[in-house]
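We use all heavy atoms of the structure for the numbers below, so side chains are in, but hydrogens, waters and symmetry mates are not.
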Amino acid sequence: VLSTKLGPPNGELRAAMENKTTNWAVASNIAKRIMQPKYSLKEFYDDLKAFPELDLYLLEDPQTAAGISLLTTGSGRSSGDEYQRTVGAFFAIYWLLRVDIDGMDGFCNGVDERWRPLELTDASDKRVVLPEKRIAFRNGAQWDMIRKLLMDAGLVEERKHRSGMFASSPEKTTLVVNESRLVSLLALTAVHDIMKMSVLLPQVQEAHAPYRGFSAGDTIGDHDQALAYVMEHFPELLPSFRDLSEEEKRCLMFTQCNLCFNHGWFV
């Protein structure tokens with residue numbers, strides 16, 4: 001049921017997301033396993049299928065013959081490029097949460113054909129471009145500041161426990177994932193750039209006009225404001241946003257609509 005009994009702000013978006021649901025069991029499993037050593041990047045990538053909005057990045061342009069080309073985005077890139085950039089942002093989240101496992105190598109160097117993080121020690125290593133810079137970054141990055149960033153964002157929390165079975169055993173501090181907050185970040189990452197697909201841009205409905213300088217009937221050309229409009233007035237068109245708790249929705253609305261957080265900072 002659409003908000004306020006209005007028509008959809010964009011018919012293509014409504015048609016693409018009709019009857020689509022987010023697989024929250026898989027999304028929660030990502031959050032549970034992302035800091036486990038055996039949870040591979042390949043498994044993580046496969047699990048991203050839980051978010052149906054990722055399919056929007058690969059919509060075909062209705063103005064072209066089926067299968068011939070992907071639509072051009074507002075950024076000037078193809079939708080395939082935007083999909084890859086979004087996956088890159090997901091991968092950055094994966095690696096940054098694993099800096100104490102294999103995240104440093106994965107974030108700096110990428111992976112091999114078996115999805116295993118590359119370890120570089122030789123500045124002439126031919127497996128990657130600019131190996132010397134990658135090695136320098138890995139050795140010189142302020143990884144402690146990244147950990148602090150994750151904690152300040154509420155994505156991870158410190159948990160103290162005793163290292164032995166006795167009350168006198170020394171306490172040990174470990175980092176654990178805040179699962180609900182991480183799931184919300186994954187949901188935001190899935191939808192954050194969908195409005196770069198110009199075919200999905202919404203029109204302002206009369207009941208909401210004026211909206212941030214746009215009049216009724218105007219197509220919102222700015223992709224961040226376009227997404228903000230849908231999140232505010234038509235959340236049912238974004239399954240991965242719609243089903244979040246009200247608290248997490250407010251957090252996402254702040255980062256997307258007020259702060260204008262740029263996931264490209266992760267890539």
Side-chain angles (χ1 to χ4, degrees), residues 27-48 84-163 170-190 192-193 248 251-252 254-256 259-267:
S28 296
N29 187 58
I30 293 174
K32 286 181 171 65
R33 299 188 62 200
I34 198 165
M35 290 179 67
Q36 295 178 5
K38 292 185 177 180
Y39 185 59
S40 71
L41 182 66
K42 177 63 165 61
E43 291 177 289
F44 175 70
Y45 176 68
D46 290 341
D47 285 344
L48 293 180
Q84 291 182 48
R85 284 168 58 83
T86 297
V87 171
F90 273 118
F91 283 8
I93 294 169
Y94 172 87
W95 292 126
L96 293 178
L97 283 164
R98 297 170 62 89
V99 293
D100 293 322
I101 306 171
D102 52 7
M104 295 182 190
D105 288 323
F107 186 80
C108 298
N109 308 324
V111 297
D112 61 19
E113 65 279 0
R114 297 178 63 183
W115 296 75
R116 297 176 304 189
L118 293 170
E119 297 181 19
L120 301 183
T121 56
D122 184 354
S124 61
D125 197 315
K126 302 299 184 183
R127 294 177 296 172
V128 298
V129 297
L130 302 175
E132 185 175 0
K133 288 188 175 182
R134 293 171 186 265
I135 293 170
F137 181 84
R138 188 197 184 286
N139 294 337
Q142 299 183 49
W143 299 107
D144 287 342
M145 292 297 294
I146 291 175
R147 291 187 189 91
K148 184 177 185 303
L149 172 65
L150 298 175
M151 293 181 64
D152 289 347
L155 292 167
V156 296
E157 303 167 344
E158 285 187 337
R159 183 168 297 172
K160 293 183 178 181
H161 60 90
R162 299 203 176 276
S163 57
E171 283 191 333
K172 186 177 180 180
T173 301
T174 57
L175 291 179
V176 296
V177 174
N178 179 334
E179 295 179 12
S180 63
R181 180 56 54 88
L182 177 57
V183 167
S184 297
L185 176 59
L186 296 174
L188 177 61
T189 306
H192 78 283
D193 266 352
E248 293 302 318
C251 289
L252 267 58
F254 173 75
T255 59
Q256 181 63 39
L259 185 62
C260 295
F261 177 73
N262 184 352
H263 280 70
W265 301 337
F266 271 158
V267 178

Query - Pair Arg147 + Asp100, salt bridge at N-O below 4.0 Å - result: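 Looking at Asp100 together with Arg147, the answer is yes, because their closest N to O distance falls below 4.0 Å.
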Requested in this report: In plain terms, say whether Arg33 and Glu43 are close enough for a salt bridge, that is, a side-chain N and a carboxylate O under 4.0 Å apart.
Outcome: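 Yes, Arg33 and Glu43 are salt-bridged.
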Taking all non-hydrogen atoms of both residues into account, name the closest pair between [X] and [Y] and its distance.
X	Y	answer
Asn109	Val128	O-CG1, 3.8 Å
Pro117	Gly106	CB-N, 3.9 Å
Glu248	Ser184	OE1-OG, 2.8 Å
Ser40	Tyr94	C-OH, 3.2 Å
Thr189	Ala89	CG2-CB, 4.0 Å
Pro131	Ala123	CG-O, 3.0 Å

Query - Residues, nucleotides or ligands: over 12 heavy atoms within 6.0 Å of Gln36 CD - result: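 Correct, the count exceeds 12.
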How long is the span from the [atom1] atom in [X] to the [atom2] atom in [Y], to the nearest 0.5 Å?
X	Y	atom1	atom2	value
Arg116	Lys42	CZ	NZ	15.0 Å
Glu157	Met151	CD	CE	8.5 Å
Ile146	Gln142	CD1	CD	8.5 Å
Leu185	Leu97	CG	CG	8.0 Å
Leu118	Cys108	CG	SG	11.0 Å
Leu149	Leu96	CG	CG	8.0 Å

Requested in this report: Taking side-chain hydrogen bond (donor to acceptor under 3.5 Å, both in side chains) as the test, write out the residues that go with Asp125, two or more places apart.
Outcome: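 So Asp125 forms a side-chain hydrogen bond (donor to acceptor under 3.5 Å, both in side chains) with Arg127.
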Query raised in the report: Counting N and O atoms only, with roles assigned by atom type, does the side chain of Arg98 sit under 3.5 Å from a partner on the main chain of Pro37, one being a donor and the other an acceptor?
Result: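 Present.
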Query raised in the report: For Leu175, does its backbone N or O pair with a side-chain atom of Arg159 as donor and acceptor, under 3.5 Å?
Result: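 Such a contact is absent between Arg159 side chain and Leu175 backbone.
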Report task. Carefully, step by step, assess Ile30 and Leu186 under the rule side chain to side chain contact (heavy atoms under 4.5 Å, CB included). Result -> CA-CA 9 Å; Ile30 293 174; Leu186 296 174; 3.7 Å; yes
Requested in this report: With salt bridge (charged side-chain N to carboxylate O under 4.0 Å, His left out) as the test, would you mind laying out the steps for Asp144 and Lys148 before giving the verdict?
Outcome: CA-CA 6 Å; Asp144 287 342; Lys148 184 177 185 303; over 6 Å; no
Query - Within residues 131-142 or reaching into it, pairs that qualify as salt bridge (Lys or Arg N to Asp or Glu O under 4.0 Å) - sequence neighbours excluded - result: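 Matches after skipping sequence neighbours: Asp105-Arg138.
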Query - Thr86 side chain near His192 side chain, heavy-atom distance below 4.5 Å - result: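 Yes. Closest side-chain heavy atoms under 4.5 Å.
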Query raised in the report: So do the side chains of Leu155 and Val177 get within less than 4.5 Å of each other, counting heavy atoms only?
Result: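 No, side chains not in contact.
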Report task. Please assess Trp95 against Val111 for the test side chain to side chain contact (heavy atoms under 4.5 Å, CB included), listing each intermediate value before the final yes or no. Result -> CA-CA 11 Å; Trp95 292 126; Val111 297; 3.6 Å; yes
Query - Working for side chain to side chain contact (heavy atoms under 4.5 Å, CB included), residues Phe107 and Phe91 - result: CA-CA 8 Å; Phe107 186 80; Phe91 283 8; over 6 Å; no
**Report entry** Those residues that, when tested against Tyr45, pass ring-ring contact (aromatic ring centres under 6.0 Å, His included) (two or more places apart)
**Finding:**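 With sequence neighbours excluded, Tyr45 shows a ring-ring contact (aromatic ring centres under 6.0 Å, His included) to Trp115, given in chain and number order.
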Query - Worked verdict on Val176 versus Val156 for side chain to side chain contact (heavy atoms under 4.5 Å, CB included) - result: CA-CA 5 Å; Val176 296; Val156 296; over 6 Å; no
**Report entry** Between Tyr39 and Asn29: side-chain donor-acceptor atoms closer than 3.5 Å
**Finding:**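 The criterion, which ignores hydrogens and geometry beyond distance, is not satisfied for Asn29 and Tyr39.
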